[in-house]
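In what follows, a structure is listed as structure tokens, so that the remarks can point back to it.
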Amino acid sequence: MPILAAGWPILKAPFIKEFAMVFPQTTHALLKPLLSIMVSLAILGLWSTRAEAEEIVRMAIGDWPPYTSESNAQARLVEKIVGEAFRLEGVKVVNEYFPWKRSYVYVQTGQYDATYPWNRTPEREADFIYNQIPLIKDEGVFFHLKTTPFDWRDWNDLKRYRLGVTLGYKQETEYKEKGLQTEVSPTAEINFKRLLAGRIDAYQTSKVVGYGIIRELFSPEEQKRFTHHPKAVETNVYYVMFSRKTPNGEQMAAKLDRGLKKLKDSGAYVRIVAEYLGSGAD
């Protein structure tokens with residue numbers, strides 16, 4: 001019979017059949033591990049093909065509960081929305097957490113693919129690609145202590161107050177342009193702590209996020225000391241910002257929008273919002 005260079009016979013089908021009839025136990029002993037190896041190789045091949053085909057989008061984000069949170073899995077509403085929308089398009093999301101200003105710069109310079117949640121401004125649109133379908137909407141309001149006689153109708157009314165600002169947020173520029181007194185802090189959490197300590201008079205942020213931070217940071221008695229002004233500063237509409245310095249920003253934004261449409265059309269979006277906030281949202 002033909003012999004391979006290594007000295008083994010070529011295992012053609014007639015030979016295997018004949019060998020099995022003469023030495024059935026030996027054949028079984030030889031073929032069992034061989035079949036196991038073949039199955040393992042097949043599984044590894046399928047896994048490898050799937051891994052190669054899976055797209056990954058790397059996100060630089062920060063802590064902003066209940067929308068994003070590195071430490072609290074129950075405060076990741078927008079992370080869930082983004083992850084599920086991309087999953088429907090075959091894309092895996094990898095989130096990494098940094099201070100917001102650093103997240104912004106990392107994406108602006110192309111070190112990461114995208115960041116969220118951010119609202120639109122002309123300055124940001126020059127540096128980033130936005131997706132089109134909003135992640136979520138809510139109101140921006142001023143938080144203050146109940147003991148602070150805080151009231152306002154227009155921007156001039158705010159000039160007598162010390163306003164907290166988070167580093168890298170759009171209010172940092174807006175307040176300066178309007179001639180308002182500002183105190184800059186690196187995070188929203190620090191602004192709320194300064195508010196409680198009386199070092200600032202008011203702090204503007206999302207109403208949903210603000211009360212989420214208050215519940216997370218303070219005792220029940222301390223929580224009772226906070227309130228918000230009923231006049232909304234703005235209606236916030238949040239999106240994902242994709243880097244213009246990476247090659248697939250436009251394509252990823254389009255995939256996210258397709259996934260978000262599927263998520264909303266199926267009713268899954270409302271269920272996710274209800275899971276985290278207890279009610280639906282637009």
Side-chain angles (χ1 to χ4, degrees), residues 57 59-69 75-82 85 93 95 97-108 112-143 155 158 163-178 180 182 184-189 191 202-213 228-229 231-244 249-250 252-254 256-257 260-261 263-264 269 272-273 276-277 281-282:
V57 58
M59 302 285 195
I61 61 175
D63 272 306
W64 209 39
Y67 292 158
T68 62
S69 176
R76 296 174 181 166
L77 168 58
V78 178
E79 291 184 55
K80 179 76 170 180
I81 291 170
V82 171
V93 176
N95 292 312
Y97 301 84
F98 307 98
W100 283 109
K101 181 67 174 179
R102 197 183 307 169
S103 292
Y104 185 100
V105 172
Y106 280 163
V107 177
Q108 185 181 39
Y112 283 79
D113 298 312
T115 181
Y116 66 89
W118 296 84
N119 48 23
R120 288 179 181 267
T121 68
E123 295 79 14
R124 291 173 188 167
E125 287 183 326
D127 290 328
F128 300 93
I129 299 163
Y130 280 87
N131 72 299
Q132 298 301 310
I133 298 177
L135 300 175
I136 201 153
K137 302 176 185 178
D138 71 12
E139 290 183 335
V141 297
F142 280 108
F143 283 85
W155 292 102
L158 295 170
L163 303 177
V165 177
T166 299
L167 182 67
Y169 284 20
K170 65 177 184 176
Q171 288 84 6
E172 191 175 2
T173 301
E174 287 182 350
Y175 290 177
K176 285 182 180 178
E177 291 174 350
K178 297 179 186 301
L180 304 179
T182 60
V184 181
S185 296
T187 67
E189 289 80 3
N191 272 301
Y203 174 62
Q204 178 190 340
T205 191
S206 149
K207 183 163 66 176
V208 172
V209 169
Y211 281 111
I213 291 173
H228 72 277
H229 194 277
K231 177 181 170 63
V233 183
E234 60 188 353
T235 297
N236 294 310
V237 184
Y238 297 108
Y239 302 87
V240 175
M241 298 195 310
F242 293 85
S243 179
R244 292 190 181 274
E250 294 279 4
M252 281 297 182
L256 175 61
D257 282 330
L260 284 169
K261 186 176 187 305
L263 205 64
K264 293 188 176 188
Y269 177 90
I272 291 170
V273 173
Y276 286 86
L277 300 183
D282 292 336

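Heavy atoms only: backbone and side chains are in, while hydrogens, waters and symmetry mates are out.
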So, taking the atom named [atom1] in [X] and the one named [atom2] in [Y], what distance separates them when rounded to the nearest 0.5 Å?
{"X": "Trp64", "Y": "Thr187", "atom1": "CH2", "atom2": "OG1", "value": "13.0 Å"}
{"X": "Glu172", "Y": "Glu174", "atom1": "CD", "atom2": "CD", "value": "11.0 Å"}
{"X": "Ile136", "Y": "Leu277", "atom1": "CD1", "atom2": "CG", "value": "6.0 Å"}
{"X": "Tyr112", "Y": "Arg102", "atom1": "OH", "atom2": "CZ", "value": "10.0 Å"}

Quick one: list whatever passes side chain to side chain donor-acceptor pair (under 3.5 Å) with [X], sequence neighbours left out.
{"X": "Thr68", "result": "none"}
{"X": "Tyr130", "result": "none"}
{"X": "Tyr239", "result": "none"}

Whether the [X] and [Y] side chains hold a donor-acceptor pair (N or O, under 3.5 Å, no angle test) is what I'd like checked.
{"X": "Gln204", "Y": "Tyr175", "value": "yes"}
{"X": "Tyr67", "Y": "Asp138", "value": "yes"}
{"X": "Tyr106", "Y": "Ser243", "value": "no"}

Might you confirm whether atom CD of Glu250 has over 12 heavy atoms from other residues, nucleotides or ligands at distances under 6.0 Å? no
Lys170, NZ: over 12 other non-hydrogen atoms inside 6.0 angstrom: yes
Take Leu263 and Ile272 through the test side-chain contact (heavy atoms from CB on, under 4.5 Å) and record every step on the way to the result. CA-CA 10 Å; Leu263 205 64; Ile272 291 170; 4.2 Å; yes
Report yes if the side chains of [X] and [Y] come closer than 4.5 Å at any heavy-atom pair, otherwise no.
{"X": "Asn119", "Y": "Val237", "result": "no"}
{"X": "Ile129", "Y": "Arg244", "result": "yes"}
{"X": "Val107", "Y": "Met241", "result": "no"}
{"X": "Tyr203", "Y": "Leu163", "result": "no"}
{"X": "Leu135", "Y": "Leu260", "result": "yes"}
{"X": "Trp155", "Y": "Val233", "result": "yes"}
{"X": "Trp100", "Y": "Leu167", "result": "no"}
{"X": "Lys264", "Y": "Ile133", "result": "yes"}

Quick one: list whatever passes side-chain contact (heavy atoms from CB on, under 4.5 Å) with Thr173, sequence neighbours left out. Glu177
To check you understand the geometry: which heavy-atom pair defines the closest contact between [X] and [Y], and what is its length?
{"X": "Asn236", "Y": "Ser206", "value": "ND2-CA, 4.4 Å"}
{"X": "Pro65", "Y": "Glu189", "value": "CD-OE2, 3.8 Å"}
{"X": "Phe242", "Y": "Ala253", "value": "CE1-CA, 3.6 Å"}
{"X": "Pro186", "Y": "Thr166", "value": "O-CG2, 3.7 Å"}
{"X": "Asn131", "Y": "Asp257", "value": "ND2-OD1, 3.1 Å"}
{"X": "Leu256", "Y": "Ala85", "value": "CD1-CB, 3.8 Å"}

Which residues pass the ring-ring contact (aromatic ring centres under 6.0 Å, His included) test with Tyr116, not counting sequence neighbours? none
The criterion is ring-ring contact (aromatic ring centres under 6.0 Å, His included); which residues satisfy it with Tyr104, sequence neighbours excluded? Trp118, Phe128
Any idea how Phe143 and His228 line up, ring-wise: parallel (<30°), tilted (30 to 60°), or perpendicular (>60°)? tilted
Mark yes or no for whether Glu79, through its side chain, and Ser69, through its backbone, hold a donor-acceptor pair below 3.5 Å. yes
side-chain contact (heavy atoms from CB on, under 4.5 Å) between Thr182 and Gln171: does it pass, once the steps are laid out? CA-CA 9 Å; Thr182 60; Gln171 288 84 6; over 6 Å; no
